[in-house]
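Down below is the structure, laid out as structure tokens.
Sequence positions, counted from 1, serve as the residue numbers for this chain.
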Amino acid sequence: MTVIHKYVKVCILKDLTFEDYRLKNDHKLVHQYFGLNIKCCSEKFVPPKKNGPKKIKMNEFDILFKEDQTKSKHKNEKKNWKCCCVYVPNPIELSSMDITLTHSIIDICEEGLENHKYEISRMKQIKDKRNEIFHMSDSKSVDQKKFEEMWNNLSDSVQLIANKISKEEGENVQQQISVQKTLVRVSEDDMKQLQLYRYYWRDKCLECEQQLTEEFDKIIDEVFKEILNVDDETALLGSTAEKIFSEDGLYEIELHGNVAMNKLINEKNETARSGIKEGNSSIQTRIDADINKISENKAVKDNDDDSMDATTSTSIKDSKLIPVLFKIEVPNDWDTEKAIKALELMRTSSTDDKDIKIKSYALYDLQIIAEIIKKRLTKPIIMKFINKMLKGIQPNTTEKELIKVSILAPEKLTLKMTTQKEKIIKGSSHNIKCEISGNPEATKIRWTQNGIERKGEDSASLVFDEFQPTDEGCYICYATNAAGTSESGPLFMLCIEKPIVHILSEQLQMIKGSNHIIKCFISGKPLPSTLSWKKRIHGDETTVDLTGEKYSGGTVDCPELTIKDFDISDEGTYICQAINEAGEGCSEELFLECIDKPVVEIYTAKPQVTKGSIQILTCKVFGKSQPSTLSWKKRLNEVETTVDLTGTKYSGGTVECPSLTIIDFDISDEGTYKCQAINEAGEGCSNELHIVCIEKPVVQIYTEKQPVIKGSNQIIQCSVSGKQQPSSLSWKKRVNGNDHVETTVDLTGEKYSGGTVGCPSLTIKDFDMSDEGTYTCQATNDAGEGCSKELLLKCIEKPNVQIYTDNQQIIKGSNQIIQCTVFGKPFPSSLSWKKRVNGDEQVETTVDLTGRKYSGGTVDCPSLTINDFDMSDEGTYSCQAINEAGEDCSKELLLECIKKPEIVITISADEQQVNKESDFTLACTISGTIDKNEISWIKNTKKVDIQQEKYSGGTINFPSLTIKNFDKEDEGTYICQAANKAGGGKSKEILLSCIGKKQLNQK
């Protein structure tokens, strides 16, 4: 328990005391005892939709809280609702709480919170295991396996809770558990010795109880007779009897009961036979109420341990007990001692069904004081109890025996109030009476007011000489006899008094047109049912008509009267009257007079004033009397100043001439103006007039005079400034050479963009010659027109360079002219020729025109002449020209140098003998470029047909000629010829002759 108490203090209470914690969670704890779904006096606790089992029993609740009716904050506010605030914490310490109650408190208050969910479940395990061990028989042995299981369950749970407190606490508890484990097991001899000790003290206690029983036997009859108010012992058997056989048929039981018990049993049995469900019948409700009244002060608090609830045979929610006396007359030859033992066994048995619980009994005979659960009060339950008792006696009999059983219960008192609710006028005399009936008569009478007992009131009547508010409340009468204490129904008494009405006004002279409130204060109980206002003019009194729009208020809910738009017709004397059940109350009289403050109006409607002009603020003043003072106010940036009329800036603005003239208006005069006039009725203020200074727009073009490249987009940067946004903006264009013709730029097409109030800069798209001219921007507002400076735009275009010569081959030594023309506006300022050598595309050089190699190639003569063209002049040529608009480059021109072919036959001799039938090659090399099909071989002045199978070679790629299978026909003179654009060439002549096979060829 030390670990659990420390966990609660450190991890749950923290800075709170145990008393503060209970006070903070009082609603949760109270609801757990009285029921989760009861109606509560406060919205602090929201009950669940479904009720659940109680987690706190009566004796536990009495430990935690005590009832203090003086703490109630909701007296009679919510009838039949539970007032939780009357339960205050008892001054107890956390350390005095056992584990069952500690677990119940934490489980209720921390329910639904994940922070302590696991630890609460561990507390429940400790509690359940503790109860299991506690209820074990003293002599029952526990084997090692069971012991280890119990030990591990408890030690693990305790260790986990200790670890949550702190690391140090966890280590300390772990050490203590290790020590304790070595001490819990005892030897078999020690256990037997312990059992002997228990038997000895149990017998001693039994001996003591038997001694006390003799004294109990002497007084039991007198005590219970006094409770039942029975003087005649014969009356104990009652006036009626019913014979019932026991379950085994050995006994005939004659069942008697007094009037109260017979009535309760008969009504219970009748209800059961009729099949009426509990809680659904007005009859059943009345019976339960009667039984409650009988047993209210006789219920015994159940202080048994947790297993008591677990073993009880009934789950009835309302378990109030009825005290009764069983007097059983059995044959004289029965063993009384055996009967007593049977009763003792029934009283102490843990398996008893608890429908009837034996509290005590006399040892010399069978007189038993018992308690019966009120909802189990039926003959079958009583017979079950008697049969169980007889079965325990086990008498030795062969004949049916007659057993008389008397069941006696006290008769309740009935209390009835003459009324349920009364209203009493304050200060009047009054008395209330409660009618009390029943036998025996009441031995004690008391009254409560709002749950608090009234001292000295012990009769059925209450007398009030002067009823006061402190006397009102809920009155209940309680009467006590032997059956217990009964109570009357509640009587609600309310103190009422006629209304007291007071009215007042902060001022008696009302400004015309204002709304005026006549404050009204009403006291009285109850609140007035009706309220009205009276108005008297020259002795004639009328009721104020509240149905129109003239008035508001003047009702019970809002007694103060608001007079709207006060004028002469509202003057008069006003009175308020209020009526409730106690009578009528009337206020004092209040006279209101109407006065008129000055009315000031400004008529100037023009809020914008051109800079430098004169502005007159026309003003008129109306009212019953001439204003004593008049002034003008000016507000700028939330700062209000009075206009100084002493200088030359202003004129007028006086009582005689209220209109104000502002001379040479400028920015400093801007602001919100109003006129104020004062007379004896108060101050009148005109409407406000806000005036701003406006001036013509300032238009600026930031783009300087410049040429514009043809085809580009030109933006003329422009800004418009001024106090007021321009209402319109336009661009003008004047064509050069015609200064008198100005046109407005048409912005509707696609040629232009911008040029508006929102975007004043003008963009001219795809600029060309037609767009040349002088441009200006104009903007207009209420103050006039503003115009920008002029901007002259001229169109220029990049050079256009054209080469008309195509790619060609140039004969070596000739002069080559590359024809070129150049255009542009303005004309190019520079011109150059570029050459890129074939095979090296990345290397480009500028043609050097300073020597004799070239002529032309300038701005004045762009065509380029290449003199004495040779191989070094081969390459790709292009012309570049530059002006203000940019640069242009011509197409590229490829020039190649060519010369006449040179043909060389590698045979040195002019004559050659060829072996017959052999293949012979005339080896030939050609230098220079050769056009296609411009190579041929000539034999004896005739062209050799190289397409025949006789020959191979003789082409551009293979100029050498091979003659296959040489014979006499192939003899002759051979020449090779080739040609290109530069001319033709031929080889020397070679004479071939055929010789026999065995002759050597000359090489």
Side-chain angles (χ1 to χ4, degrees), residues 513 596-679 681-701 718-730 732 744 756-758 760 776-790:
D596 193 6
K597 63 180 180 181
V599 177
V600 186
E601 294 181 2
I602 298 177
Y603 295 94
T604 303
K606 187 178 179 182
Q608 296 174 333
V609 183
T610 303
K611 183 178 180 181
S613 63
I614 296 175
Q615 177 67 18
I616 300 175
L617 306 182
T618 304
C619 177
K620 292 185 179 181
V621 180
F622 306 92
K624 278 187 174 182
S625 60
Q626 181 79 2
S628 56
T629 60
L630 185 142
S631 62
W632 280 84
K633 304 291 183 180
K634 172 188 171 186
R635 187 175 70 253
L636 182 65
N637 298 326
E638 303 303 325
V639 177
E640 186 174 84
T641 58
T642 301
V643 175
D644 184 5
L645 303 176
T646 58
T648 59
K649 182 68 177 178
Y650 305 97
S651 65
T654 62
V655 172
E656 294 77 14
C657 179
S659 297
L660 179 67
T661 300
I662 306 172
I663 301 168
D664 191 17
F665 199 92
D666 58 19
I667 299 295
S668 64
D669 297 318
E670 283 188 335
T672 301
Y673 290 81
K674 65 180 179 181
C675 181
Q676 293 179 344
I678 301 174
N679 65 5
E683 178 184 285
C685 187
S686 72
N687 52 307
E688 292 186 340
L689 177 64
H690 185 70
I691 307 174
V692 296
C693 179
I694 60 174
E695 54 184 326
K696 294 187 294 183
V698 177
V699 186
Q700 291 181 314
I701 292 178
C718 178
S719 68
V720 180
S721 60
K723 194 81 169 144
Q724 184 189 21
Q725 181 81 0
S727 57
S728 63
L729 186 142
S730 62
K732 306 294 181 180
T744 300
T756 63
V757 172
T776 57
C777 181
Q778 294 179 350
T780 305
N781 64 9
D782 292 341
E785 181 181 271
C787 188
S788 70
K789 70 178 182 179
E790 293 183 342

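Distance check, rounded to the nearest 0.5 Å: NZ of K597 to SG of C685 gives 9.0 Å. Once rounded to the nearest 0.5 Å, the distance linking NZ of K633 with CD of Q676 reads 5.0 Å. Rounding to the nearest 0.5 Å gives a distance of 4.5 Å between CD1 of I616 and OG1 of T661. Note that the CD1 atom of I602 and the CG atom of N687 stand 5.0 Å from one another [nearest 0.5 Å]. Residue E601 holds its CD atom at 9.0 Å from NZ of K620, rounded to the nearest 0.5 Å. Separation of atoms OG (S631) and CD1 (I678) is listed at 6.5 Å; rounding is to 0.5 Å.
Pairs passing the salt bridge (charged side-chain N to carboxylate O under 4.0 Å, His left out) check and including a residue from residues 607-617, sequence neighbours excluded, do not occur. Sorted by first and then second residue, the salt bridge (charged side-chain N to carboxylate O under 4.0 Å, His left out) pairs involving residues 649-669 (not counting sequence neighbours) are K649-D669.
Side chains of V609 and C693 form no contact here, defined as non-hydrogen atoms less than 4.5 Å apart.
Under the side chain to side chain donor-acceptor pair (under 3.5 Å) criterion, K732 pairs with T744, not counting sequence neighbours. The salt bridge (Lys or Arg N to Asp or Glu O under 4.0 Å) check on K634 picks up nothing, with sequence neighbours excluded. With sequence neighbours left out, the side chain to side chain donor-acceptor pair (under 3.5 Å) criterion links E670 to K723. Residues meeting the side chain to side chain donor-acceptor pair (under 3.5 Å) test with Q725, sequence neighbours left out: none.
When atom types are taken as modelled, the side chain of N679 and the backbone of A681 share a donor-acceptor pair closer than 3.5 angstrom. No donor-acceptor pair under 3.5 Å is formed between the side chain of T672 and the backbone N or O of L689. In this structure, the side chain of T776 does not engage the main chain of E790 through any donor-acceptor pair within 3.5 Å.
Summarising the geometry of Q608 relative to D782, their closest heavy-atom pair is OE1-OD2, 2.8 Å, with the distance given to 0.1 Å. The minimum heavy-atom distance between V720 and P726, with the atom names listed, is CG1-CG, 3.5 Å. In terms of heavy atoms, C718 sits closest to C777 at SG-SG, 3.8 Å. Among all heavy-atom pairs drawn from V655 and S628, the shortest one is CG2-O, 4.2 Å. The two residues V600 and G684 have their closest heavy-atom pair at CG2-O, 3.6 Å. The heavy-atom pair separating C619 from W632 by the smallest distance is CB-CZ2, 3.6 Å.
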- Task: Would you please test I662 and Y650 for side chain to side chain contact (heavy atoms under 4.5 Å, CB included) and show each step?
- Result: CA-CA 5 Å; I662 306 172; Y650 305 97; 3.9 Å; yes
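K696 NZ: 12 or fewer foreign heavy atoms inside a 6.0 Å radius. Dense packing is recorded around CG of L636, with more than 12 heavy atoms of other residues, nucleotides or ligands lying under 6.0 Å away.
The only option from L630, L660, L617 that meets the side chain to side chain contact (heavy atoms under 4.5 Å, CB included) definition with C675 turns out to be L630.
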